[in-house]
There are 2 protein chains.
Amino acid sequence: MAENGTGMPPGHGGESLLFLTDDQLRRGIEAMFFAYRGFTADPDRILAEHAYGRAHHRALHFVHRSPGTTVNNLLNILGVTKQSLNRVLRTLIEDGLVSSKVGVKDRRERHLFLTDAGKELEKVLSEAQRKRMRAAYREAGPEAVAGFRKVLLEIMDPEMRKHFDQLKDSM
Amino acid sequence: MAENGTGMPPGHGGESLLFLTDDQLRRGIEAMFFAYRGFTADPDRILAEHAYGRAHHRALHFVHRSPGTTVNNLLNILGVTKQSLNRVLRTLIEDGLVSSKVGVKDRRERHLFLTDAGKELEKVLSEAQRKRMRAAYREAGPEAVAGFRKVLLEIMDPEMRKHFDQLKDSM
DNA sequence: CTTGGAAAGTCAACAAGGCTGACATAAACT
DNA sequence: AGTTTATGTCAGCCTTGTTGACTTTCCAAG
């Protein structure tokens, strides 16, 4: 036992592989768990006031991010079934936060946009979330932030990484 | 408009606050979202084979981490209601993965332990999760990992941070 | 010693948000 | 004309969260 997870005996590897020990990895896993709770806490509180959930927030975020995106594209980004997404999208459309427009080139497709009310809520939600991230970034400093981003990129599934990189273009 | 989120006009602040722009923060938020999906993907697959969910994984993790912990302590760490936790705990106990022992000092309390079967499953789950984290850490390098941990700490709610730090002691 | 209250468990009911399967429609492609 | 694709919708199921009400056990303070 006393497995260090590096596949090498402890004490070997001159480049100091101590950050790859099982204990260090376990701490990172726990940090991700606790941090994600904080990450979603502020938007969750606001959403609850509007009788919405995290699923609505995600839809608002990505429609805001890629105005005119199709339902299918959103499906791939969010990684849920169309039935799940549709339920959320339908309420957002009914409530006048999202508008759905038939495609011009391919009229089977629906292109999604935020209405003014949708932009309003998205802004409130994202500003609450950014506020916490901004404070965290400021405390941690630019180099820590660079490392943070670097590790997160590596944790992603390749397909999710692809979506993440594609969003970059429209920034 | 063109709000940069720093509360300062763009171009000011000699210490390069570019990493605090709203766009940078938004990228960080998206990275967290996509990365968390990857973070949970491997355990989720294994759990599905056993007809368990993420809630079972969390319970197994923290009971493993703090053997003999009480239900109440677990409640605080996980941040759910006792009814939610109880449902999960009950199935784990019925399935012989967790054992619950009446406290000696305070006999109202139940102290939770993993059985051999519970330790087995916890190991499979955590090794799957660590495998991905290990690869990510290795790719990103020790300095990035330090930054990653630093930012995650800052994102946590103070109360969650407290729990996180308390776990450290028993490591 | 009695009683108040904390810790834990249980039952019931409900909601969000995942899932599958089946089916409809419209439009594009071959 | 027939097939595939994009979308929407209905029905039903599961997990995991919630609230509220109630019981049992048992420590501890009056």
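We name chains A, B, ... by the order of the sequence lines, and we start the count at 1 in each one.
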[X] [atom1] to [N] [atom2]: how many Å, rounded?
| X | N | atom1 | atom2 | value |
| --- | --- | --- | --- | --- |
| Leu47(A) | dG17(D) | CG | P | 17 Å |
| Lys105(A) | dA6(D) | NZ | C1' | 14 Å |
| Lys101(B) | dT25(D) | NZ | C1' | 21 Å |
| Leu92(B) | dT16(D) | CG | C1' | 13 Å |
| Asn86(B) | dG17(D) | CG | P | 13 Å |
| Leu75(A) | dT7(D) | CG | C1' | 10 Å |
| Leu89(A) | dG17(C) | CG | C1' | 14 Å |
| Tyr52(A) | dT18(D) | OH | P | 22 Å |

Q: Evaluate the criterion salt bridge (Lys or Arg N to Asp or Glu O under 4.0 Å) for residue pair Lys123(B) and Glu120(B); output intermediate values, then yes/no.
A: CA-CA 5 Å; Lys123(B) 188 176 177 180; Glu120(B) 183 64 30; over 6 Å; no
Contact under 4.0 Å: [X] side-chain N or O vs [N] OP1/OP2:
| X | N | value |
| --- | --- | --- |
| Ser84(A) | dG17(C) | no |
| Thr81(B) | dG17(D) | no |
| Arg107(A) | dA27(C) | yes |

What are the atom names and distances for every N/O pair under 3.5 Å that joins the protein to nucleotides 3-7 of chain C?
residue	atom	partner	partner atom	Å
dA6(C)	N3	Arg108(B)	NH1	3.0

Kindly give the atom pairs (protein nitrogen or oxygen, nucleotide nitrogen or oxygen) under 3.5 Å for nucleotides 21-25 of chain C.
residue	atom	partner	partner atom	Å
dG21(C)	O6	Gln83(A)	NE2	2.8

Q.
Using a 6.0 Å cut-off, check whether atom CD of Gln83(A) has over 12 heavy atoms from anything other than its own residue.
A.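 Counting neighbours around CD of Gln83(A), more than 12 heavy atoms of other residues, nucleotides or ligands fall under 6.0 Å, so yes.
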Q | Sub-6.0 Å ring centroid separation between Phe62(A) and Phe33(B) | A |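 Ring-ring flag for Phe62(A)/Phe33(B): true, centres closer than 6.0 Å.
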Q | Most 5' of Val88(A) and Val104(A) on DNA chain C, judged by nearest nucleotide | A |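 Comparing both residues, the 5'-ward one is Val88(A).
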Q | Whichever of Leu85(A) and Arg90(B) has its nearest DNA chain C nucleotide further upstream toward 5' | A |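 Its nearest nucleotide being more 5', the pick is Arg90(B).
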Q | Test: Glu122(A) and Lys119(A) ion pair at under 4.0 Å | A |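 The answer is no: the pair does not qualify as a salt bridge.
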Q | Pair Asp165(B) + Arg161(B), salt bridge at N-O below 4.0 Å | A |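 Looking at Asp165(B) and Arg161(B), the cut-off is met.
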Q) When hydrophobic residues are tied together by side-chain contacts of less than 4.5 Å, even through go-betweens, does Phe34(B) share a cluster with Leu75(A)? A)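 In one cluster: yes.
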Q) So if you build clusters from Ile, Leu, Val, Met, Phe, Trp, Tyr with side-chain heavy-atom gaps below 4.5 Å, do Ile77(A) and Phe113(A) land together? A)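 In one cluster: no.
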Q) Is a donor-acceptor contact shorter than 3.5 angstrom present between the side chain of Arg87(A) and the base of dG8(D)? A)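 No.
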Q: Have a look at His56(A) and say if it touches a base, only the backbone sugar-phosphate, or nothing, with a 4.0 Å heavy-atom cut-off.
A: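 Answer is sugar-phosphate: His56(A) comes under 4.0 Å of backbone atoms only.
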(Q) Once you apply a heavy-atom cut-off of 4.0 Å, does Arg54(A) come out as touching a base, just sugar-phosphate, or nothing? (A)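 Arg54(A): backbone/sugar contact only, no base atoms under 4.0 Å.
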Q: Looking only at side-chain atoms of Arg58(B), point me to the closest of dG9(C), dG17(D), dT9(D).
A: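 In terms of side-chain proximity for Arg58(B), the closest of dG9(C), dG17(D), dT9(D) is dG17(D).
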Q: Could you tell me how the ring of His50(B) sits relative to the ring of Tyr52(B): parallel (under 30°), tilted (30 to 60°) or perpendicular (over 60°)?
A: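 Rings of His50(B) and Tyr52(B): parallel, under 30°.
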Q.
Strictly distance-based, threshold 3.5 Å: is any side-chain N or O of Gln129(B) a donor or acceptor partner for the main-chain N or O of Phe39(B)?
A.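 Such a contact is found between Gln129(B) side chain and Phe39(B) backbone.
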Q.
Against the six-membered ring of Tyr137(B), is Arg130(B) placed for a cation-pi contact (under 6.0 Å from the centre, within 45° of the normal)?
A.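 Relative to the ring axis of Tyr137(B), which defines the angle, Arg130(B) lies outside at least one limit.
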